[in-house]
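Atoms within a ligand are numbered from 1 in the order they appear, just like the ligands themselves.
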Amino acid sequence: MSQIFVSRVEQIAGRVASLARPISSITAYDYPMGRLADEAGIDVILVGDSLGMMVAGMEDTTGVTLDQMVYHTEIVARAVKNAILIADLPINTYRTPSESVENGMRLIEAGADAVKIEGGLRQIEKIKAMVEADIPMVGHLGMLPQRVREEGGYKKKGKTDEESRILLESAHALTDAGVAMIVLESMATDIATLITKEISAPTIGIGSGPHCSGQIRVLHDVIGAYPWFVPPFAKVYTNVADQVSEALRQYKEELK
Ligand code: KIV
């Protein structure tokens, strides 16, 4: 009997298509948090390069390396049994199509189901090469944290007609290139809503209004584990930082 070969790209497309809307997504950077997120039924877990700030205390994501992403992807992958696991390629690791394929494959080998890169039209050739190499891809449009230094800060996108036009064109191009999903970060609600209506790939919003196909949040924002900076759109559901501080004070007190 002949066996039907289903590529990784097709498998992930099928899993994404079967997700109920709204799609829930969260970042995770280590085994316990990956396991808790998976066991809570989160649909999509991202090993984001935001680990540069949330885990390593860096100022932004521009110092994160591929080896660090591979390590964190491996340890989260060990925990995740049901969710779709995405990992970020960090800055300067996807400058050409061949570099993108080589480095993207390292994240797949580390256990990621799909790889995310930031940017629109200028990434199309790289995304096509990666999909061709059977690497399921996720796009990322709007505010691009890897460009924060070039842009002089984190700025909301899609506030002008011209910017909105380019975002919509980019979303179509990413979809045609074969991405399984697109993260829309810090984008005006109107353009995020229009992109979501027009393209077939699901959109996962963060700071882009309520009308995306799903939402993603940084874990530490949601659980209040990084009290030194909380983005304005973040809803904090519990206060882990205070709980840890209090537990450690009690522990010290009881030793006396
Ligand atoms: O690195 C990250 O955490 C991300 C999310 C903010 C989407 O890319």
Hydrophobic clustering (ILVMFWY, side-chain heavy atoms < 4.5 Å, transitive) - are [Y] and [X] grouped together?
{"X": "Leu144", "Y": "Met187", "value": "no"}
{"X": "Val64", "Y": "Val218", "value": "yes"}
{"X": "Met54", "Y": "Tyr31", "value": "no"}

For residues 166-177, which residue pairs qualify under salt bridge (charged side-chain N to carboxylate O under 4.0 Å, His left out), counting only residues two or more places apart or in two chains?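 Residue pairs passing salt bridge (charged side-chain N to carboxylate O under 4.0 Å, His left out), neighbours aside: Arg165-Glu169.
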Expected output: side-chain His72 to main-chain Tyr29 donor-acceptor under 3.5 Å: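 At least one qualifying donor-acceptor pair exists.
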Pairs under 3.5 angstrom, nitrogen or oxygen on both sides, ligand 1 versus protein: list them out, please.
{"unit_1": "ligand 1", "atom_1": "1 (O)", "unit_2": "Asp49", "atom_2": "N", "d": "3.2"}
{"unit_1": "ligand 1", "atom_1": "1 (O)", "unit_2": "Asp49", "atom_2": "OD1", "d": "3.1"}
{"unit_1": "ligand 1", "atom_1": "1 (O)", "unit_2": "Ser50", "atom_2": "N", "d": "3.1"}
{"unit_1": "ligand 1", "atom_1": "1 (O)", "unit_2": "Ser50", "atom_2": "OG", "d": "3.3"}
{"unit_1": "ligand 1", "atom_1": "1 (O)", "unit_2": "Asp88", "atom_2": "OD2", "d": "3.2"}
{"unit_1": "ligand 1", "atom_1": "3 (O)", "unit_2": "Ser50", "atom_2": "OG", "d": "2.5"}
{"unit_1": "ligand 1", "atom_1": "8 (O)", "unit_2": "Lys116", "atom_2": "NZ", "d": "2.8"}

Going by atom types alone, do Thr203 and Thr196 pair a side-chain donor with an acceptor below 3.5 Å?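 Side-chain D/A pair, Thr203 to Thr196: present.
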